[in-house]
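Comments concern the structure below.
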Amino acid sequence: MKIPFVDKWRNRRPGSHGQGLARVFEDDPGAVAELFAECELLRSQASGAGLELDDTAASLTALDQLLPRWRDDPEALPWLGNDAGLYLGTVIIRTVPGASWWVWPGGRPVVRLASGREIPVVEAGLEWAVHGAPGLSQVYAEAAEF
């Protein structure tokens, strides 16, 4: 399958690590948002536990209540945490008015609220995956207040 924005990202110049995603985001933010929303590993883990992720705040609460079996696999933790952060961001974007994705030039995705506040969702997802706190629903609640 040929996906133009992925081709641009892959063909970035050496030494521009991280800048490719920011550049692609500028070109096609909708496609990048779709890519962020996939969260395949997280969705698979949740499905295996009988939970369907429907991009709602209630699904974040349900994720917080799952038994964290993924902590038994240290290789999967960073990937799952990344997915959890991107899923958290996706829920915020889809349910909090004025929220949008923003990708810093270094390639770090954050959610920018209408107030201008930025939420480092990937970092929040990693903390959740490793430590269980703060809960994804807690980060969402704080974002929804603004």
Side-chain angles (χ1 to χ4, degrees), residues 1-3 5-96 99-113 117-146:
M1 176 187 297
K2 185 169 174 87
I3 305 173
F5 74 89
V6 172
D7 291 340
K8 286 182 188 177
W9 188 17
R10 286 185 182 148
N11 294 329
R12 67 183 183 263
R13 286 172 280 160
S16 65
H17 180 69
Q19 294 176 359
L21 179 59
R23 196 170 311 128
V24 170
F25 179 76
E26 288 175 10
D27 291 345
D28 196 349
V32 173
E34 285 181 41
L35 184 64
F36 287 170
E38 286 184 11
C39 313
E40 189 175 329
L41 179 60
L42 180 69
R43 290 181 189 275
S44 172
Q45 290 279 334
S47 178
L51 173 63
E52 182 181 340
L53 300 181
D54 60 1
D55 300 348
T56 64
S59 66
L60 295 172
T61 301
L63 276 170
D64 286 343
Q65 295 173 2
L66 285 180
L67 186 61
R69 297 186 196 283
W70 55 83
R71 291 191 189 132
D72 296 336
D73 185 355
E75 289 183 23
L77 269 176
W79 297 105
L80 186 72
N82 188 71
D83 272 12
L86 294 175
Y87 181 71
L88 169 63
T90 297
V91 173
I92 293 170
I93 300 301
R94 293 182 177 173
T95 61
V96 175
S100 61
W101 283 110
W102 182 255
V103 178
W104 283 101
R108 183 176 143 222
V110 296
V111 169
R112 185 175 281 174
L113 302 176
R117 178 176 173 229
E118 292 179 350
I119 302 171
V121 291
V122 171
E123 287 84 352
L126 289 167
E127 285 295 313
W128 172 82
V130 174
H131 304 291
L136 299 175
S137 60
Q138 178 184 348
V139 177
Y140 173 84
E142 291 170 7
E145 286 179 4
F146 283 85

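Just so you know, these numbers use all the heavy atoms, side chains as well, and skip hydrogens, waters and symmetry mates. Every value quoted in this text rests on a predicted model; they were computed, and no experiment measured them.
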List the atom of [X], the atom of [Y], and the distance in Å for their closest heavy-atom pair.
{"X": "Ala49", "Y": "Leu66", "value": "CB-CD2, 3.6 Å"}
{"X": "Ala37", "Y": "Arg43", "value": "O-NH2, 3.0 Å"}
{"X": "Val139", "Y": "Ala124", "value": "CG2-CB, 4.2 Å"}
{"X": "Pro109", "Y": "Leu86", "value": "CG-CD2, 4.3 Å"}
{"X": "Leu41", "Y": "Ala76", "value": "CD2-O, 4.2 Å"}
{"X": "Ala144", "Y": "Val96", "value": "CA-CG2, 4.0 Å"}

According to side chain to side chain donor-acceptor pair (under 3.5 Å), who are the partners of Thr90, at least two apart in sequence or on a separate chain?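 Listed in chain order: nothing, the list is empty.
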Run the side chain to side chain donor-acceptor pair (under 3.5 Å) test against Thr95 and tell me which residues pass, sequence neighbours left out.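 Applying side chain to side chain donor-acceptor pair (under 3.5 Å) to Thr95 gives Tyr140.
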Please identify each residue that fulfils side chain to side chain contact (heavy atoms under 4.5 Å, CB included) with Thr56, with sequence neighbours left out.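 For Thr56, the residues satisfying side chain to side chain contact (heavy atoms under 4.5 Å, CB included) (neighbours in sequence not counted) are Asp54, Ala58, Ser59.
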Side chain to side chain contact (heavy atoms under 4.5 Å, CB included) involving Ala46 - partner list, sequence neighbours excluded: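 Ala46: side chain to side chain contact (heavy atoms under 4.5 Å, CB included) contacts with Leu51, Leu53, Leu63.
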Hey, could you give me the CG/CG distance between Asn82 and Leu77, rounded to the nearest 0.5 Å?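 If we round to the nearest 0.5 Å, Asn82:CG and Leu77:CG are 12.0 Å apart.
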From CD1 (Ile92) to OG (Ser100), nearest 0.5 Å: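 Going from the CD1 atom of Ile92 to the OG atom of Ser100 covers 11.5 Å.
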Can you tell if the side chain of [X] reaches within under 4.5 Å of the side chain of [Y], non-hydrogen atoms only?
{"X": "Arg117", "Y": "Glu142", "result": "yes"}
{"X": "Phe36", "Y": "Val103", "result": "yes"}
{"X": "Val111", "Y": "Trp101", "result": "yes"}

Do any pairs count as a side chain to side chain donor-acceptor pair (under 3.5 Å) and have a residue in residues 63-75, sequence neighbours left out, and if so which ones? Asp64-Trp128, Asp64-Ser137
Does anything in residues 79-95 pair up under salt bridge (Lys or Arg N to Asp or Glu O under 4.0 Å), and if so which pairs, sequence neighbours excluded?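 Of all non-adjacent pairs touching residues 79-95, those that pass salt bridge (Lys or Arg N to Asp or Glu O under 4.0 Å) are Asp55-Arg94.
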